[in-house]
Amino acid sequence: MKTMAMRSSFAIFAAVVLSALGAFAQGGPQTDYARMTMKVDKLADNFYTVTGLNGSGRTGGAIGVLTGPDGILMVDATFAPLSGKVTAAIKTFSNEPIRFLVNTHPHGDHTGGNPNFAKMGATILGRPEMRVDLMAQKAFDPAGLPTFIFTSPLTLHMDGEEAIVIPVPPAHTDADSMVYFRKADVLMIGDFFRIGYPNVGGTVDGMIRALGMAIGVCGPNTKVVPGHGPVMNRSDVIAHKDMLVNVRDRISDLIKQGKGEDDVVAAHPTASYDPIFLKDVAQYYDEGNIGRYHNGDAFVKQVYEQLKPKS
Ligand SMILES: [Zn+2]
């Protein structure tokens, strides 16, 4: 009996840990890595994306791969258990070694594979906040910490490409960066712009400024690759920023009228955007996370929390 009780309490403990990890890392306890496949898309002559597919849609953050005679520059590393599949997917178009890895932000669906790729010889580049955030993740293997630190835009000339890593104000997290590949005309933007309503883990004003920087980087034909979602373009980023500004202002007005959180959510300040912003979200978030993104409520609550009167 004692053993059973211990087992079930362990099971509960494990379930709690798993769901916490899932909520954090966007994998969800349901993610079955062994069954996942990787999708490769060629975006330019020597630039590819690699994305995880589970049965119902895409999962994990999109990976960007620049390849050529100078080796591979990789943007993001998805979940740790997928590193072997990522490597195999890259082998379908390149035999070059992974020389550099840079993360768009510290969440596990973008950094989980860092230690594995570092052990294969990749040098990890990151802003100081990235090191701090990864060190704060209890189970994170220090082998995956960035060793080359940048505090302002960093340019890499390799494979005939000019890749610019650009740190942005606190947006999705306090450690967001985007990476622009000038010749390929591809912007790996991470999760501060993606399909559906944003997850504002940084600040709403920081996210608005970061989106403004992305709009400034993009040309009319730039392929904007979000962490989650289809390839989009500059107009999509502009529409996203406009939505964010308008919803922020609507929430701010409701707060000025004395409304509390429940009233603000009930007023549904995203209503006019829902038909566009909620379209197709289901295929990009797995079941463990779709609840957060299937309407605008979680986003509205985040913005409310940031704007509410401080007592
Ligand atoms: Zn993500």
Side-chain angles (χ1 to χ4, degrees), residues 18-31 33 36 38-39 41 49-54 56-65 74-83 85-86 101-114 117 124 126-127 129-130 133-134 136-137 140 144 146 165 167-168 170-179 186-202 206-207 210-211 214 224-232 236-237 240 277 280-294 298-299 302:
L18 279 174
S19 64
L21 280 173
F24 179 69
Q26 200 142 153
Q30 302 88 347
T31 304
Y33 299 112
M36 277 178 59
M38 306 308 293
K39 185 176 189 297
D41 291 292
T49 56
V50 177
T51 321
L53 292 178
N54 63 16
S56 55
R58 297 193 177 206
T59 191
I63 293 174
V65 182
M74 189 165 136
V75 180
D76 282 340
T78 195
F79 298 109
L82 294 175
S83 297
K85 293 187 182 214
V86 170
L101 165 61
V102 62
N103 306 113
T104 58
H105 65 288
H107 290 166
D109 55 327
H110 301 258
T111 56
N114 276 25
F117 294 108
I124 302 179
R127 47 189 293 180
E129 296 86 350
M130 179 70 69
D133 291 351
L134 289 177
Q137 292 178 21
F140 196 82
V165 186
V168 301
H172 176 59
T173 69
D174 69 346
D176 297 303
S177 297
M178 56 185 173
V179 190
V186 171
L187 179 65
M188 296 295 298
I189 197 168
D191 282 9
F192 73 85
F193 166 74
R194 62 187 194 186
I195 192 164
Y197 290 113
N199 179 354
V200 193
M207 190 174 269
L211 291 166
V224 179
V225 180
H228 309 272
V231 175
M232 295 190 255
D236 297 317
V237 185
H240 200 90
F277 278 77
D280 299 332
V281 292
Q283 60 181 286
Y284 291 97
Y285 299 104
D286 66 14
E287 289 152 30
N289 277 281
I290 188 63
R292 197 190 180 295
Y293 295 101
H294 82 290
F299 160 57
Q302 274 183 326

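Ligands are counted one by one from 1 in listed order, and the atoms in each one are counted from 1 as well. Any value given below was found using the heavy atoms of this structure, including those in side chains, with hydrogens, waters and symmetry copies removed.
- Taking Pro81 as the reference, Tyr33, Phe79 meet the side chain to side chain contact (heavy atoms under 4.5 Å, CB included) condition, with sequence neighbours excluded.
- In this structure, the side chain to side chain contact (heavy atoms under 4.5 Å, CB included) partners of Asp76, at least two apart in sequence or on a different chain, are Asn103, Thr104, His110.
- The name of the N, O or S atom in Asp109 nearest to the Zn ion (ligand 1) is OD2.
- Classified by interplanar angle (parallel below 30°, tilted 30° to 60°, perpendicular above 60°), the ring pair His240/Phe277 is tilted.
- Here the angle at the Zn ion (ligand 1) defined by OD2 in Asp191 and NE2 in His110 stands at 100°, rounded to 10 degrees.
- Put simply, His228 gets within reach of the Zn ion (ligand 1), with an N, O or S atom under 2.8 Å from it.
- In this structure, the side chains of Met178 and Phe193 stay at 4.5 Å or more apart for every pair of heavy atoms.
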